[in-house]
Each structure stands twice: as structure tokens, then as C-alpha cells.
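Here is the naming used below: chain letters follow the sequence lines, and residue numbers restart at 1 for every chain.
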There are 2 protein chains.
Amino acid sequence: MTTMIYTLVALKGILIRKIFAIKRYISTHITSYHTLDKLARHNMKDPIVNFLSKYIELTNEEIDILSNQNFIQSYKKGTILLSEGQIAKECYFILQGCVSSYYLVNGDIKITDFFTEQQPITPVSYTTKKPSEYFLECLEDCIISIGTPESSAELLRKLPRLAALGSHIMEDQLANQRMKYDEFIKLTPEERYQNLQKTSPDLLNRVPQYLIASYLGIKPESLSRIRKRLYN
Amino acid sequence: MTTMIYTLVALKGILIRKIFAIKRYISTHITSYHTLDKLARHNMKDPIVNFLSKYIELTNEEIDILSNQNFIQSYKKGTILLSEGQIAKECYFILQGCVSSYYLVNGDIKITDFFTEQQPITPVSYTTKKPSEYFLECLEDCIISIGTPESSAELLRKLPRLAALGSHIMEDQLANQRMKYDEFIKLTPEERYQNLQKTSPDLLNRVPQYLIASYLGIKPESLSRIRKRLYN
DNA sequence: GCTTTTCATTGACCTGGGTTAAGAAATCAA
DNA sequence: TTGATTTCTTAACCCAGGTCAATGAAAAGC
């Protein structure tokens with residue numbers, strides 16, 4: 001029940017119906033115009049509708065309510081959204097940019113996930129209220145919709161129909177998590193790299209290779225060798 | 001929503017209020033008395049109450065309804081509950097015994113999970129209605145409570161209060177799955193073995209070592225060497 | 001009981017990834 | 001543009017785990 005609400009938080013602030021609204025926001029909050037360009041390039045519009053339409057159809061009224069709930073933040077590349085030991089007070093939905101989650105074990109980084117546009121991030125620490133064991137860090141300048149327990153409760157009060165969504169989304173996340181684990185078990189690092197090339201080639205271009213290596217469970221040098229091997 | 005119901009299926013048939021009931025059942029369905037002994041040894045009683053009490057308190061009336069819904073099956077060691085390519089029509093709750101889930105990749109087994117007493121099994125294929133990619137197999141003689149979509153729907157009709165449970169359980173499962181993945185990423189095979197010794201020493205005694213090895217992501221020979229290394 | 005099959009261990013050798021260190025290439029800042 | 005920093009590649013060497021094969025030990029079948 002709690003998580004049902006919590007995952008919904010991720011949806012709270014997301015409704016941006018026109019790209020103009022985004023542009024307006026950016027011009028007042030962001031110095032760099034890089035991000036603006038990217039937004040235009042990616043032809044980003046109505047991210048919430050895209051996301052929610054996977055699960056449910058929204059009435060215009062509901063869309064309005066959602067869009068009025070927006071709390072959007074922008075972060076510079078390198079910003080740490082959540083640190084080890086800290087208790088997460090927010091959850092996120094990425095409108096633009098890329099965020100990584102990683103453990104710091106014996107001084108080096110172990111990437112467990114990359115999150116990009118239209119992905120919700122619900123830190124374990126957010127639901128458990130215990131200190132986080134991992135970090136969340138912006139790998140690019142980001143525009144992110146923020147959710148809190150209060151805001152999600154309020155949203156649920158206004159749109160009780162969304163309650164059913166929570167478990168749908170949870171279901172998807174569980175399936176994803178299972179797939180990730182199973183794939184990791186089944187494949188060699190080399191196969192995992194090839195898999196990544198197929199499933200998310202974009203990541204390989206926007207994320208530094210040494211982070212990709214970490215994500216694949218190997219060292220950057222090994223990834224170099226694998227790439228060399230594959231190109232022959 | 002669907003999974004909320006589906007996970008509940010796992011709870012459907014579980015209510016066995018007295019060990020006598022189990023014994024009665026066993027004596028009519030199982031030839032070997034091994035299992036009976038084990039039940040007595042493990043002091044097994046009210047498994048459903050144990051399990052559900054983690055999430056909710058049940059009234060006597062509810063307990064009665066649950067116990068009337070029981071559909072319990074026994075399986076011989078080696079029985080395959082679900083095969084690759086098959087669409088799962090049931091989900092399970094283990095009353096007694098041990099079940100493994102594994103992929104068959106290039107002819108050899110990759111264990112992803114062991115399930116034992118009081119654990120629910122909801123195959124991915126059961127929720128997605130697509131052919132399963134992995135197997136479920138009894139590693140011991142098992143007594144298992146079976147759930148189906150129909151039975152879960154019926155149960156939910158009678159005990160709508162249980163609906164809230166679904167997402168709780170899902171939440172737990174998601175957290176577990178995440179932990180498993182993260183641990184796999186962070187630890188070496190040797191560390192994973194030591195971890196297993198700590199967290200579930202029982203498994204090491206009841207499951208053959210070559211399956212443990214597979215679960216740890218290594219070959220039996222390597223596990224032998226690791227054990228040798230650790231004992232010096 | 002005996003036989004057969006399954007499981008665990010050991011040894012010799014191979015291989016892919018880790019480690020270290022150096023240099024090249026790309027990115028960033030001024 | 002230039003210099004500094006970050007990221008990527010290469011090479012040499014090491015080591016844990018994989019592979020193959022042989023041997024025991026333990027279970028399972030009959």
C-alpha cells in the first residue's frame with residue numbers, strides 16, 4: 001500500500017503539456033542552453049502522457065490536476081541526488097538527462113543502473129526510510145520532477161483512480177529487475193556488452209565507457225579489450 | 001492490479017491450522033514417511049498465519065475462509081512444476097520442501113533461485129501469460145499449495161481486505177530482487193559463498209553442491225576449490 | 001546385497017578479466 | 001589556442017575461475 005502511493009509520487013509533477021512550458025521553465029532556471037537544445041532535438045513533449053498511457057487513459061480533467069502538481073528541478077551534471085547513508089526524502093521522474101545509481105565498495109564505483117528520460121526513480125531508502133546504501137548522481141545536466149510522500153498523498157486524494165496504477169508500475173519494475181538479474185547470471189561480460197549495444201545503443205554514446213564497464217561488471221581496460229576483440 | 005490478485009493466489013490454499021491436518025493429508029498422499037518426520041522436526045504449524053502475520057492480522061472468520069480454500073498437492077523430488085516454453089497456469093506456496101528455478105542455457109543449468117518453506121512462487125510467465133524462459137523443479141519431495149487465477153479471484157471476492165496485501169508482498173519481492181542483484185554485482189564468488197553460509201546455512205545442507213555452485217555463478221570444481229581455500 | 005549413477009574432489013593446463021603503468025585521444029577551461 | 005583534465009587504449013604480468021580428465025565417495029536402483 002505504501003509503495004503503491006510512493007511510486008505514484010514519481011508521477012506527480014510530470015505533466016507538461018507543451019514544449020513551450022518546458023522552454024519557459026528552462027529559460028528562467030537554467031543558465032546553459034545546452035539542455036534547451038537537447039530538449040528540442042529529442043522532440044520532447046508530454047512526457048507524462050507518454051509514460052502513463054502505458055497503463056491508463058487520462059481524462060483532460062485528470063491531466064489538468066496532474067499538471068498543476070508539478071514540482072520540477074534542474075540539476076547540473078555531477079549533482080548527487082542521494083548519498084550513501086542518507087535517507088531519501090524524494091523520488092524522481094526524469095524529464096531530461098541521465099542519472100546513475102551506484103555503490104561505493106572499497107573505494108570504487110559499482111554502477112547498478114542508468115536512468116534516462118521518462119523513467120521513474122524510487123530509491124529503496126525512500127520506501128524503507130532507512131539510510132541508503134547507494135548513490136544517485138546526475139551524469140548530465142538534468143531536468144527532474146520531484147515527488148515527496150506529502151505530494152503523493154495529496155495527489156492520491158485528488159485522483160484516487162491512480163491508486164490502481166501503483167501496482168501496475170511495481171509489477172513492471174519487478175519484472176525488469178528480474179530480467180536484469182537473470183541476464184547478468186546468464187551472460188558473460190562480452191555478451192552483456194553486445195546486449196547493451198542492441199537494447200540501448202544510445203547509452204553507449206551518452207555515458208562514459210568506464211561507467212559502462214562498471215555497469216557490465218568489469219574494469220574499463222577489459223571493456224577496451226572486448227571492444228577490440230569484437231571489431232575483428 | 002492483476003499482480004495484486006495474482007500474488008494473492010499464492011496465499012489461497014495455505015491455511016492449515018493444525019499439524020494434524022497436515023499429517024492426515026500426508027498419510028493419504030505420500031508413501032515416504034520422510035516428509036512426515038521433517039514436518040514434525042521443523043515444528044511446522046500454521047504456515048499461513050506465520051506468513052500473513054508479517055503483513056496483516058487475520059480474524060478467525062478470515063482464517064476459516066482461507067482454510068476452506070486449500071488446494072494442496074504433493075510432488076516427488078525431481079518433479080518439474082514449470083518448463084521452458086510452457087505458460088504457467090499456477091502459482092505456488094511451499095508448505096514443505098525445496099524448489100529451484102533455473103535457466104537452461106547452452107545445455108547447462110543456471111540456478112537463479114531456491115525456494116523453501118513459507119515462500120510464495122509467482123512465475124513471471126504466470127503474470128505475463130507468455131511462455132516461461134525458465135524451469136521450476138522440486139529438489140525434494142514437496143507439499144505445495146496451488147493457486148490459479150480463478151481461485152485468487154474467488155478469494156479476493158470473499159476477502160477483499162486482502163487486496164491491500166498484494167502490493168505489500170510485491171514491495172517485499174521487489175526489494176529482495178534488488179538486493180540479490182546488487183549483492184551479485186558487488187561480491188566475488190568467494191564472498192557470495194561466505195554470505196550464503198551466513199544467511200542461509202540450511203540451504204548448503206539440503207541442496208547438492210553443484211547446484212549451489214550454479215547459484216553462485218561458478219562451476220562445481222571452483223566451489224570445491226573455494227571451500228578448500230576457506231578451510232585453511 | 002550388489003551395481004549403477006550421481007556427486008565431490010583433485011590436478012594440469014587454459015583463458016578472460018584484474019592490475020599496473022604508460023601514453024594517446026578527447027574534452028574542458030581560460 | 002593552449003594547457004589541464006578526463007577518458008580511452010595498449011602492453012606485460014598475475015590470478016581466479018573454466019575446462020578436461022581421473023579418482024573416490026555417496027546415493028539410488030534393483
What contact category does A:Pro208 fall into here, base, sugar-phosphate, or nothing, at under 4.0 angstrom with non-hydrogen atoms?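 Here A:Pro208 touches the backbone only, sparing every base.
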How would you label the contact of B:Gly217 with the nucleic acid (heavy atoms, under 4.0 Å): base, sugar-phosphate, or nothing?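 The residue B:Gly217 makes sugar-phosphate contact but no base contact.
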Which of the following nucleotides, [options], is nearest to the side chain of [X]?
X: A:Arg225; options: D:dA28, D:dA12, C:dC28; value: D:dA12
X: B:Ser224; options: C:dC28, C:dT10, C:dG17; value: C:dT10
X: B:Glu221; options: C:dT9, D:dT9, C:dC7; value: C:dT9

Please tell me which of B:Arg229 and A:Arg227 maps to the more 5' nucleotide of DNA chain D, matching each residue to the nucleotide holding its nearest heavy atom.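 The 5'-side residue here is A:Arg227.
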Round to a whole Å and report the spacing from [atom1] of [X] to [atom2] of [N].
X: A:Asn205; N: C:dT27; atom1: CG; atom2: P; answer: 12 Å
X: B:Asp108; N: C:dT6; atom1: CG; atom2: C1'; answer: 17 Å
X: B:Leu204; N: C:dA8; atom1: CG; atom2: C1'; answer: 15 Å
X: B:Arg206; N: C:dC7; atom1: CZ; atom2: P; answer: 17 Å
X: A:Leu211; N: D:dT6; atom1: CG; atom2: P; answer: 14 Å
X: B:Ile212; N: C:dT9; atom1: CD1; atom2: C1'; answer: 17 Å
X: A:Leu216; N: C:dG17; atom1: CG; atom2: P; answer: 11 Å
X: A:Ile218; N: C:dG16; atom1: CD1; atom2: C1'; answer: 10 Å

Within the pair [X] and [N], is there a side-chain N or O less than 4.0 Å away from OP1 or OP2?
X: B:Ser222; N: D:dG18; answer: yes
X: A:Lys228; N: D:dA11; answer: yes
X: A:Gln209; N: D:dT9; answer: yes
X: B:Lys219; N: D:dC20; answer: no

Answer yes or no: is there an ion pair linking A:Glu183 with A:Lys198, defined by an N-O contact shorter than 4.0 Å?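 A salt bridge is absent here (no side-chain N lies under 4.0 Å from a carboxylate O).
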Short N-O contact, B:Asp108 and B:Lys219, less than 4.0 angstrom: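 Looking at B:Lys219 together with B:Asp108, the answer is yes, because their closest N to O distance falls below 4.0 Å.
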Pi-cation contact, A:Tyr75 with A:Lys77 (under 6.0 Å, within 45°):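 No, cation not above the ring by the 6.0 Å, 45° rule.
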Has B:Lys228 got its NZ or CZ under 6.0 Å from the middle of the six-membered ring of B:Tyr231, at an angle within 45 degrees of the ring axis?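 Output no; distance or angle outside limits.
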The criterion is side-chain contact (heavy atoms from CB on, under 4.5 Å); which residues satisfy it with B:Ser214, sequence neighbours excluded?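 Once residues adjacent in sequence are excluded, the partners of B:Ser214 under the side-chain contact (heavy atoms from CB on, under 4.5 Å) criterion are B:Ile109, B:Ile111.
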